[in-house]
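These notes are about the structure you will find just below.
Lettering of chains follows the sequences in order, A, B, ..., and the numbering in each one begins at 1.
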Amino acid sequence: MAWNFFSLSPLTTKYRKLTTSEIPTCLALKGVKYICSSSAIYLEHSINRDCCVNSDSYYASLIDNSTHKRHLDQIHSRLLVLGLQHNGFLMTKLVNGSSNLAQIFYARKLFDGFYFPDVFMWNAIIRSYSRNNMFRDTIDMYRWMRWTGVHPDGFTFPYVLKACTELLDFGLSCLIHGQIIRYGFGSDAFVQNGLVALYAKCGRVSVAKVVFDGLYHRTIVSWTSIISGYAQNGESMEALRMFSQMRNADVKPDWIALVSILRAYTDVDDLEQGRSLHGCIIKMGLEDESDLLISLTALYAKCGMVMVARSFFDQMKTPNVIMWNAMISGYAKNGHAEEAVHLFHDMISRNIKPDSVTVRSAVLASAHLGSLKLAQWMDDYVSNSNFGSCIFVNTALIDMYAKCGSVEFARMVFDRNSDKDVVMWSAMIMGYGLHGQGWEAINLYAAMKQTSVFPNDVTFVGLLNACNHSGLVKEGWKLFHSMKDFEIEPRNEHYSCVVDLLGRAGYLGQACAFIMKMPIEPGVSVWGALLSACKIHRCVTLGEYAAKKLFSLDPYNTGHYVQLSNLYASSRLWDRVAHIRVLMRERGLNKDLGYSVIEINGKLQAFHVGDNSHPMTNEIFNELQILERRLKEIGFVPHTESVLHDLNYEEKEENLSFHSERIAVAYGLISTAPGTTLRITKNLRACVNCHSAIKLISKLVEREIIVRDANRFHHFKDGLCSCRDYW
DNA sequence: CTAGGGTTAG
């Protein structure tokens, strides 16, 4: 609207330029603080550029070209001088300009000085708050707008919905949804797409789907919203199903849609489909899209192809934080924890600012490495960073300390956090479970219930695990049945804990009956628990049954074959052991190579079975022989039954004493001062023989030896182990 | 003046 303001404003009647000296006078007249002379020169310059000072669009373009708050100040003063402070179009422009320069409080001041804001002005201030991530204020302004009787329009709601999305407030979202319908925007494409994304982000994909289904015209944005909604809520298969529906509807994906679809493939580890999508991306000429490159990096890294992922990372000139995160977490998740930590250090030394996700991934990598020294370094790093009070990072720290062998340090991190959510409590409970401190876990759970934090499914996985590791059959059984009090549906993990609990304690029949009564299809973990219980109690028939299930559900997992073979070996069924060996060869499987890592003075040293590559190998084997002799002297008899192959007795014995954890112990003993605690990490589960041997060694050499195996920790001391031979 | 994505602790 171009109203003629010349008649209203005596100063501009002659199209006269303001001189620099005049400006302060005019401002003083209107009571506006004069900023600085350079601004005046700027204004002067701008006005000189175009002497035809006659329309809103002139001032609009001045505002659009402003790059500093003082420019806006100048223009504002000028508008005041001209009596244009009630020109809605220009004042709205000014508010927009302020918010673009992140001058949110200035925008608000302008807004407050404007008496009768129309919907455009309201949208401008709402947008300002939303763009500056002040979502509570966004909602407050929207409420105030409604209260003054101004009707929101189709431009208002996307910002309000964005705010709801960020606030993750489902109740509020429903309220706004109702208002959207009442104001008549029930079929506005922008608003509806916003609603789909909003419900999806609040974790209510089913509601999002209802809105999506009601859409009259589905754009690529609608499809992306619903696909990413499923992907973000862990329903990757459903996301991919929507993707195929989208293709049937002949909607061509753009790069943002592809990012969501890649994420779904990444989550289900579908490297093949991911690769073929990669091919499509190249065909579409989108391979230079850096954000797609990040998704591809995450995909290849998650699927174990870290080299390919790294090549994407390396080809990017200036990777952003998210790319760093994808690479670091990719390494961390795939047994390349060292590279992950290395890359993290690299990032710091190159002065690239990590965010909380980076730190979380680095902490996760440290947890995998198991080095207590590194763990403490990470803890220090976090304390000196901005993430010291970040609940996500602190939870990762608790998990890390527990996995690095120090449940005490984990507890210290836990105690220094005053605001604990269910995830943090669960992490601590898990930590106790890992160290076989079942009662501490249960007591902590009791303390948690005293606060207003409610347990969830993961809390119970932690608790049941803790009961398993401490042999607390009755307590575990009770806890399992208390899940329904919290309306938590047990998952396979919970069922397998119970099977483990019953099975280990020797109640194989009950364990079996329990499986038969399961309301869901028993998965790998359940049959795996049954098989390992059968191995302990040498129950061949039932074990074979469990193994058969496992081979059909998870045919390429070497662990199951080894378990069955060990079960046969324990029953001296050597022909069946041989048969398993043939079966594995036919299927192209090799027994996972065992290795152990020991930390000496903060440095990690890895050993595999019979490893003689270390420079000190002579000394190590000498120590091994001494230990062997001393063990024999006190009457130690090796358990030979857990050897995979049917070797002759001598060979078996030799193999056992050269197991990687034994070599690591020997190396640790000769490399550290007497009395030093040894910390060892093993990739597989502790074998029966080494477990008994290390118990005795701890007594012979008067050392505490802490071994982390694939499942839990063993604290060996004075001839005993914290797991009380229960693992 | 409007909307969709990626990295992500137990």
Side-chain angles (χ1 to χ4, degrees), chain A residues 92-93 95-96 99-100 119-124 126-128 130-131 153-162 165 185 188-198 200-201 219-229 231-232 253-264 266 289-299 301-302 319-330 332-333 354-361 363-364 367 387 390-400 402-403 421-431 433 456-462 465:
Chain A
T92 301
K93 268 264 172 217
V95 171
N96 282 336
S99 87
N100 289 342
V119 65
F120 293 99
M121 183 55 117
W122 278 107
N123 285 349
I126 286 172
R127 177 168 50 242
S128 301
S130 173
R131 286 206 177 145
D153 68 5
F155 286 87
T156 319
F157 288 115
Y159 292 113
V160 175
L161 291 177
K162 166 105 194 314
T165 308
F185 293 94
D188 182 296
F190 280 94
V191 177
Q192 293 303 299
N193 286 338
L195 276 172
V196 174
L198 164 61
K201 284 236 174 72
T219 64
I220 181 65
V221 178
S222 329
W223 284 102
T224 310
S225 301
I226 194 70
I227 290 172
S228 68
Q232 286 160 353
D254 63 0
W255 69 268
I256 298 184
L258 288 169
V259 162
S260 293
I261 296 149
L262 277 175
R263 178 195 161 143
T266 305
E289 195 62 64
S290 66
D291 289 341
L292 265 176
L293 221 51
I294 295 172
S295 298
L296 286 169
T297 307
L299 169 81
K302 167 90 191 297
N320 64 7
V321 190
I322 299 178
M323 183 52 141
W324 282 92
N325 294 348
M327 198 61 236
I328 292 173
S329 72
K333 277 187 283 203
D355 66 4
S356 66
V357 179
T358 327
V359 178
R360 232 150 50 183
S361 303
V363 171
L364 183 73
F387 311 112
C390 171
I391 191 158
F392 281 80
V393 171
N394 277 292
T395 305
L397 282 178
I398 292 171
D399 179 56
M400 172 191 73
K403 286 185 177 151
D421 65 357
V422 62
V423 185
M424 189 173 270
W425 283 97
S426 306
M428 195 61 232
I429 289 173
M430 285 267 191
N456 67 12
D457 53 336
V458 186
T459 318
F460 278 99
V461 172
N465 251 319

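In this view, A:Ser426 and A:Thr459 satisfy the side chain to side chain donor-acceptor pair (under 3.5 Å) rule, not counting sequence neighbours. In this structure, the side chain to side chain contact (heavy atoms under 4.5 Å, CB included) partners of A:Ala427, at least two apart in sequence or on a different chain, are A:Thr395, A:Ile398. For A:Lys93, the side chain to side chain donor-acceptor pair (under 3.5 Å) criterion is met by A:Asp64, not counting sequence neighbours. For A:Thr358, the side chain to side chain contact (heavy atoms under 4.5 Å, CB included) partners are A:Val321, A:Asn325, A:Ile328, A:Phe344, A:Met347, A:Pro354, A:Asp355, not counting sequence neighbours. For the side chain to side chain contact (heavy atoms under 4.5 Å, CB included) test, residues two or more places apart in sequence or in another chain that qualify with A:Val191 are A:Phe157, A:Pro158, A:Leu161, A:Ile180, A:Phe185, A:Asp188.
Taking a heavy-atom distance under 4.0 Å as the criterion, the stretch of DNA chain B touched by chain A extends 5' to 3' from B:dC1 to B:dG10.
Residue contacts for A:Asn96: at a heavy-atom cut-off of 4.0 Å it reaches no nucleic acid atom on any strand shown. Base engagement by A:Asp421 is indicated by at least one non-hydrogen atom pair under 4.0 Å involving a base atom. A:Asp254 comes within contact range of at least one nucleobase, with a heavy-atom separation under 4.0 Å. Residue contacts for A:Leu364: at a heavy-atom cut-off of 4.0 Å it reaches the sugar-phosphate backbone alone, with no base atom in range. A:Trp324 comes within contact range of no nucleotide atom at all, as no heavy-atom separation falls under 4.0 Å. Across all strands shown, A:Gln232 has heavy atoms under 4.0 Å from sugar-phosphate atoms exclusively, and none from any base. Among the heavy atoms of the strands lying under 4.0 Å from A:Gly154 is at least one base atom, whether or not backbone atoms are also near. At a threshold of 4.0 angstrom between heavy atoms, the contacts of A:Lys333 are confined to the sugar-phosphate backbone, with no base atom among them. Among the atoms of the strands shown, only primed sugar atoms or phosphate atoms (P, OP1, OP2) are found under 4.0 Å from some heavy atom of A:Lys201. No engagement by A:Phe157 is indicated, since no non-hydrogen atom pair under 4.0 Å with the nucleic acid exists. Among the protein residues, A:Asn320 comes within range of the nucleic acid bases, having at least one heavy atom under 4.0 Å from a base atom.
When every heavy atom of A:Thr224 is checked against every heavy atom of A:Ala257, the shortest pair comes out as OG1-CB, 3.5 Å.
Counting only N and O atoms by type, the side chains of A:Thr219 and A:Ser222 include a donor and acceptor under 3.5 Å apart.
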